[in-house]
Q: 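If you scroll down you'll find the structure; I have some questions about it.
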Amino acid sequence: MHNSNPISIKTCCRSISIRFCILILLLNVAGCAKMKDMLTFTGGAEDAATLPVQNLVTKGMDDYAVGKYFTALEYFQEILDRYPFAPEATLAELKAADCNYFLEHYAEALVLYEAFEEKHPTNEAMPYVIYQKAMCNYKQIDRIDRDVSGAEKSVQLFSQLIRAYPNSPYTSEAKARIKAARQFIANHEFFVVDFYIRRNKLSEAETRLKYILATYPDAEIAPRAKELLAQIQAGNPPKQTLSSWLPKVALPDWAKFSSSSEEEAPENQAAKD
């Protein structure tokens, strides 16, 4: 009896130890299985890779409609990657450009709009595409003391839209934005005049003032330019800085150049500032 207890206890401990090891092994296997499930879980992006094109269009447009442009863009890109020749690819091309535009990726959006125009020159959406190309440039307008190529290019594209599609729903707004952009460019030119006068380069300033009056006669800065030109030509240029003459450095609000807000088409509202 005295010797049987240690053996019994030892055997019992060994049995418990074995059972414990088996339990740990099972837990590890279960844990690995769970970990594997976690690693192989397919989220929205991978689900999109298995969806038919019609479903991708629906999901993309649903997200686009509520402003989820990043996820919408993924669906449209999936269409272009997997179904480049499907009829739905044309819509995906346009909406991919739109998503980039509303994400404020204007340079990327412009490239996509240009590619769409080149690939589908007779598409019924062409007035909208030209308008959006102009807006991509317009949205990149900065300050009068910086590069004004965005303003100049937007004027060119808005003008192209008006010439090619004079009755489009974007014509009224395009005209107003042209006026705002031209005002901005005229202000930039007057800023350059100020730069020349402060450095006593009166000949260059005179040439620039003549250019402003010839090119932008209706600009708000024109009366000041005319007065300053007369002073220089009379040999009496201003002795002080022209900072008090300078207009606002930012792009003017285009809405004040619109003949009537009622003329604006409802579909234009999404593209406004």
Side-chain angles (χ1 to χ4, degrees), residues 37-120 123-142 150 154 157-158 161 165 168-174 176-177 180 250-251 253-255 258 260-273:
D37 289 343
M38 291 174 63
L39 292 175
T40 58
F41 173 75
T42 55
E46 291 196 16
D47 288 342
T50 64
L51 291 175
V53 66
Q54 294 84 359
N55 291 43
L56 289 171
V57 170
T58 300
K59 287 182 174 292
M61 291 304 296
D62 285 348
D63 282 358
Y64 180 86
V66 295
K68 296 170 66 175
Y69 303 118
F70 185 82
T71 53
L73 179 58
E74 291 184 335
Y75 286 118
F76 296 135
Q77 190 58 55
E78 188 70 25
I79 294 172
L80 297 176
D81 290 343
R82 292 174 52 206
Y83 306 101
F85 304 110
E88 294 82 358
T90 301
L91 175 64
E93 289 171 6
L94 183 57
K95 302 319 288 183
D98 285 342
C99 287
N100 275 284
Y101 175 83
F102 288 114
L103 287 169
E104 300 184 5
H105 302 160
Y106 301 122
E108 293 87 341
L110 180 58
V111 170
L112 294 177
Y113 285 126
E114 289 174 341
F116 184 93
E117 181 181 26
E118 182 177 352
K119 191 174 180 180
H120 312 285
N123 189 279
E124 62 181 1
M126 201 48 56
Y128 173 76
V129 170
I130 298 175
Y131 170 82
Q132 286 297 100
K133 284 171 55 184
M135 285 301 299
C136 286
N137 285 279
Y138 193 89
K139 289 286 190 177
Q140 295 183 77
I141 296 174
D142 197 348
S154 70
L157 288 167
F158 283 132
L161 171 65
Y165 304 97
S168 81
Y170 313 102
T171 297
S172 177
E173 186 172 324
R177 290 192 185 271
L251 175 70
D253 181 7
W254 68 270
S258 178
S260 172
S261 59
E262 295 180 356
E263 294 179 4
E264 296 164 19
E267 54 265 47
N268 287 352
Q269 297 301 318
K272 290 190 177 182
D273 295 338

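Because the structure is a prediction, the values reported are computed rather than measured.
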Q: Which heavy atom in Leu161 sits nearest to a heavy atom in Ala174, and how many Å separate them?
A: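 Where Leu161 meets Ala174 most closely, the heavy atoms are CD2-CB, 4.1 Å.
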Q: Without swapping roles, check the side chain of Thr171 against the backbone of Tyr165 for a donor-acceptor pair under 3.5 Å.
A: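 It does hold such a pair.
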Q: Output the distance between atom CG (Leu73) and atom NE2 (His105), rounded to the nearest 0.5 Å.
A: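 Nearest 0.5 Å value for the CG-NE2 distance: 9.0 Å.
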Q: Just verifying a value: how many Å separate Arg82 CZ and Leu56 CG, rounded to the nearest 0.5 Å?
A: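 Rounded to the nearest 0.5 Å, the CZ-CG separation comes to 5.5 Å.
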Q: Quick one, Glu108 and Tyr101 - any side-chain contact, counting heavy atoms below 4.5 Å?
A: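 A side-chain contact under 4.5 Å is absent here.
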Q: Indicate the atoms forming the closest heavy-atom contact of Leu251 with Ala180, along with that distance.
A: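 Where Leu251 meets Ala180 most closely, the heavy atoms are CD1-O, 3.8 Å.
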Q: Would the number of heavy atoms belonging to other residues, nucleotides or ligands and lying under 6.0 Å from NZ of Lys59 be above 12?
A: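 Check fails, neighbour count at 12 or below.
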Q: Just so I know, are the side chains of Asn123 and Phe116 near enough to count as touching, which here means a heavy-atom distance under 4.5 Å?
A: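 Yes. Closest side-chain heavy atoms under 4.5 Å.
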Q: To check you understand the geometry: which heavy-atom pair defines the closest contact between Ala72 and Asp63, and what is its length?
A: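 Answer, listing the atom of Ala72 first, then Asp63: CB-CB, 3.8 Å.
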Q: Ignoring hydrogens and angles, tell me if any N or O in the side chain of Gln140 forms a donor-acceptor pair with the backbone of Cys136 under 3.5 Å.
A: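 Indeed, once roles are kept as given, a pair shorter than 3.5 Å links the two residues.
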Q: Could you tell me if the side chain of Tyr83 sits less than 4.5 Å from the side chain of Glu88, heavy atoms only?
A: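 The answer is no, as the side chains (C-beta and beyond) never meet within the 4.5 Å cut-off.
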Q: Could Glu104 and Lys139 be called an ion pair, given the rule that one side-chain N must be under 4.0 Å from one carboxylate O?
A: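 A salt bridge is absent here (no side-chain N lies under 4.0 Å from a carboxylate O).
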Q: For the atom pair CG (Leu112) and CD (Glu93), what is the distance rounded to the nearest 0.5 Å?
A: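 With rounding to 0.5 Å, CG (Leu112) is 9.0 Å from CD (Glu93).
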Q: Apply side chain to side chain contact (heavy atoms under 4.5 Å, CB included) to Val57 and Tyr75, showing your working.
A: CA-CA 7 Å; Val57 170; Tyr75 286 118; over 6 Å; no
Q: Can you tell me how far apart OH (Tyr138) and OH (Tyr106) are? Round to the nearest 0.5 Å.
A: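 One gets 12.0 Å once the value is rounded to the nearest 0.5 Å.
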Q: Rounded to the nearest 0.5 Å, what's the gap from CE on Met135 to CZ on Arg177? Could you check?
A: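 Those atoms lie 3.5 Å apart.
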Q: Check this for me, if you would: do Lys133 and Glu114 make a salt bridge, where the nitrogen-to-carboxylate-oxygen distance has to be below 4.0 angstrom?
A: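 Glu114 and Lys133: not salt-bridged.
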Q: According to the interplanar angle, ranging from 0 to 90°, do the rings of Tyr131 and Tyr170 count as parallel (below 30°), tilted (30 to 60°) or perpendicular (above 60°)?
A: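 Parallel, since the angle between the ring planes stays under 30°.
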Q: Under a plain distance cut-off of 3.5 Å, with no hydrogens placed, do Tyr113 and Asp98 share a side-chain donor-acceptor pair?
A: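 Asp98 vs Tyr113: donor-acceptor pair found between side chains.
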Q: Heavy atoms only: give me the nearest Ala89-Ile79 pair and the separation to one decimal.
A: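 Distance-wise, the nearest heavy atoms are CA-CG2, 4.1 Å.
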Q: Could you grab the distance from atom CZ of Phe76 to atom CE of Met61, nearest 0.5 Å is fine?
A: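 It is 5.5 Å, given to the nearest 0.5 Å.
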